[in-house]
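Both backbone and side-chain heavy atoms feed into the values below; hydrogens, waters and symmetry mates do not. To find a chain, count down the sequence lines: A is the first, B the second, and so on, and within it residues start at 1.
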Number of protein chains: 2
Amino acid sequence: MEHLAEKVDQCSLFRDISRAELAAMLHCLQPVVRKYHKDELLTVEGEPLSALGIVVAGNAAVTKESVAGSRLIMTLLERPMMFGEMAAFSDTPIWPATVVAQSDCEVLFIQAQSIVGQCQKHCAYHQQLIYNMLSIVTNRALVLNRKVEFLLLKSVREKVVVYLLEQYRQTGKEMFVLPLDRNEMADFLNVTRPALSREMGRMRDEGLIDYHRASIKILDVEGMRRALEGE
Amino acid sequence: MEHLAEKVDQCSLFRDISRAELAAMLHCLQPVVRKYHKDELLTVEGEPLSALGIVVAGNAAVTKESVAGSRLIMTLLERPMMFGEMAAFSDTPIWPATVVAQSDCEVLFIQAQSIVGQCQKHCAYHQQLIYNMLSIVTNRALVLNRKVEFLLLKSVREKVVVYLLEQYRQTGKEMFVLPLDRNEMADFLNVTRPALSREMGRMRDEGLIDYHRASIKILDVEGMRRALEGE
DNA sequence: ACGAGTCGGTAACCATGGTTACCAAAAAGC
DNA sequence: GCTTTTTGGTAACCATGGTTACCGACTCGT
């Protein structure tokens with residue numbers, strides 16, 4: 001199990017668990033290692049799921065049939081990334097996506113049951129494992145939640161205001177440097193770059209903000225909030 | 001603890017745990033019960049969080065400052081609803097929202113640690129508790145994920161097509177009854193009702209679907225898929 | 001069966017923002 | 001230093017879809 005422990009100990013599921021403990025734990029978890037050739041399917045969307053996977057060698061892609069037939073790559077998985085952790089514990093334990101090997105690869109599967117199941121040998125770190133699992137899943141939920149909040153904002157103005165006020169709150173200064181360039185920011189806000197520039201230009205004209213490239217200065221917090229008030 | 005067990009055993013956190021076991025478990029979990037008067041704050045957005053709450057009497061409201069000052073009610077909590085379960089296990093254990101008592105009410109707080117922490121008395125159902133916690137959290141993440149997928153679709157056409165094909169796939173029949181009325185459907189797809197009707201009208205004109213009120217008939221699956229292909 | 005209320009379709013109007021294209025400024029390469 | 005590339009601002013054009021309003025068709029209560 002030593003060599004396996006080495007390959008997965010960077011996985012967030014095993015955070016704060018020492019290499020030695022991890023090796024011991026892998027006995028309890030009874031992982032199954034499977035090898036796949038390039039283009040082989042590791043999981044098929046819609047099939048029942050009982051284990052989560054961790055890539056230990058090579059890489060794979062999470063793909064989604066875009067409701068239409070065409071297969072679209074959602075995420076690239078490489079060591080030591082995990083997949084299936086969402087659906088594994090849900091009420092509908094069904095693979096939500098198809099995972100296909102991008103190269104020859106090797107995947108370790110762990111039964112969902114053995115994560116929560118009390119390990120017979122009372123591994124001291126089993127608690128930590130469960131805690132990690134909960135962290136991973138709640139963090140993802142929080143990220144998605146934030147994403148939904150932004151997507152529900154209707155106008156570009158609102159998106160920009162919320163984003164800038166969020167930065168303002170985080171830094172505590174009315175002058176700060178944006179962590180994203182315009183393309184990334186537009187992408188994050190789910191608008192096009194020209195639309196973003198246009199709106200920021202208007203906001204500058206209205207005296208709400210001032211900026212040059214990535215450096216932003218908040219001039220009129222009240223005015224910005226008013227843009228949200230009127231919905 | 002008997003009376004407490006009675007009040008929370010409908011909570012999804014305790015699903016598949018018998019009333020008797022639950023009462024025993026509550027000893028291990030060391031819950032703290034606090035009473036609040038109407039309008040009192042149970043939690044304040046931004047403050048550190050270490051426990052999750054379950055409403056056992058009265059009701060409370062999850063509120064969010066809309067970035068602007070105004071407080072907006074997000075969810076109404078009544079017995080035996082739970083709150084804080086997302087943030088409790090996340091990397092940033094901070095209350096993401098303010099919870100305020102809507103009436104005089106009573107809340108049971110359970111330390112996040114005692115959920116994952118192995119109970120010293122080896123409660124047989126502790127595993128089930130952990131499993132339930134994971135279910136709750138993963139289910140929420142999956143719901144959010146579906147929401148994001150719909151929100152990322154740009155045109156009304158795409159949203160309608162994805163929604164209808166999803167129903168089609170689920171029922172397996174090309175003729176079925178929509179579970180939502182037009183208002184709810186428009187709401188779910190995040191478009192206005194007239195826009196939805198307009199688009200469905202066009203799709204009928206084009207021979208993709210036929211419908212009358214809630215009963216829908218899928219006529220041209222290929223044609224519908226084509227609407228997604230061109231992005 | 002009749003009137004009130006609800007639900008869904010439709011149309012005209014118009015604001016918002018995506019598209020495309022072009023240019024200037026900054027940054028990177030040589 | 002200069003050229004090349006990347007990044008960001010701007011403008012014109014136009015499609016999409018939100019808004020408002022209205023009307024007909026169902027539903028429900030009496």
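Using a 4.0 Å heavy-atom distance criterion, B:Arg213 is classed as a base contact.
Going from atom CD1 of B:Ile209 over to atom C1' of C:dG9 covers 13 Å, rounded to whole Å. Distance, B:Met185 CE to C:dG8 P: 11 Å, rounded to whole Å. Distance, B:Asn183 CG to C:dG8 C1': 9 Å, rounded to whole Å. What separates CE of A:Met200 from C1' of D:dT7 is a distance of 13 Å, to the nearest Å. In this structure, the CG atom of B:Leu180 is 14 Å from the C1' atom of C:dC7, given to the nearest Å. Look at CE on B:Met203: it is 16 Å from C1' on C:dG9, rounded to the nearest Å. One can place CG of B:Asp210 at 14 Å from C1' of C:dG9, the figure rounded to the nearest angstrom. For B:Asp181 and D:dT27, the CG to P distance is 13 Å, given to the nearest whole Å.
Taking five base pairs at each end of the helix from C:dA1-D:dT30 to C:dC30-D:dG1, the local helix axes there meet at an angle of 50°, rounded to 10°.
For A:Val148, the side chain to side chain contact (heavy atoms under 4.5 Å, CB included) partners two or more places apart in sequence, or in a different chain, are A:Leu152, B:Leu144, B:Lys147, B:Val148, B:Leu151. A search for salt bridge (Lys or Arg N to Asp or Glu O under 4.0 Å) contacts involving B:Arg146 returns B:Glu166, not counting sequence neighbours.
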Practice problem: Quick one: do A:Val8 and A:Val56 satisfy side-chain contact (heavy atoms from CB on, under 4.5 Å)? Show the steps, please. | Solution: CA-CA 6 Å; A:Val8 299; A:Val56 293; 3.4 Å; yes

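Sorted by first and then second residue, the ring pair (Phe, Tyr, Trp, His ring centres under 6.0 Å) pairs involving residues 167-221 of chain B (not counting sequence neighbours) are B:Phe150-B:Phe188, B:Tyr163-B:Phe188. Sorted by first and then second residue, the side-chain hydrogen bond (donor to acceptor under 3.5 Å, both in side chains) pairs with a member in residues 213-224 of chain B form an empty list; sequence neighbours excluded. Among residues at least two apart or in separate chains, side-chain hydrogen bond (donor to acceptor under 3.5 Å, both in side chains) pairs with a member in residues 184-203 of chain A are A:Arg157-A:Glu199, A:Glu199-A:Arg202. Residue pairs meeting the salt bridge (charged side-chain N to carboxylate O under 4.0 Å, His left out) criterion with at least one partner in residues 36-60 of chain A, sequence neighbours excluded, are A:Glu45-A:Lys64, A:Glu45-B:Arg169.
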Show every donor-acceptor pair shorter than 3.5 Å between a side-chain atom in residues 76-95 of chain B and any protein atom, with sequence neighbours excluded, or say none if there are none.
residue : atom : partner  : partner atom : Å
B:Glu85 : OE2  : B:Arg140 : NH1          : 3.1
B:Glu85 : OE2  : B:Arg140 : NH2          : 3.0
B:Ser90 : OG   : B:Ala87  : O            : 3.0
B:Ser90 : OG   : B:Thr92  : N            : 3.3
B:Ser90 : OG   : B:Thr92  : O            : 3.2
B:Asp91 : OD1  : A:Arg15  : NH2          : 3.1
B:Asp91 : OD1  : A:Asn139 : ND2          : 3.4
B:Asp91 : OD2  : A:Asn139 : ND2          : 3.0

List, with names and distances, any nitrogen or oxygen atoms from the protein found under 3.5 Å away from nitrogen or oxygen atoms belonging to nucleotides 10-18 of chain C.
residue : atom : partner  : partner atom : Å
C:dG17  : OP1  : A:Val156 : N            : 2.6
C:dG17  : N7   : A:Arg198 : NH1          : 3.1
C:dG18  : OP2  : A:Thr192 : N            : 3.2
C:dG18  : OP2  : A:Thr192 : OG1          : 3.1
C:dG18  : N7   : A:Arg198 : NH2          : 3.2
C:dG18  : O6   : A:Arg198 : NH2          : 2.5

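Residues B:Gln167 and B:Ile216 have side chains not in contact (no heavy-atom distance under 4.5 Å, counting atoms from C-beta outward).
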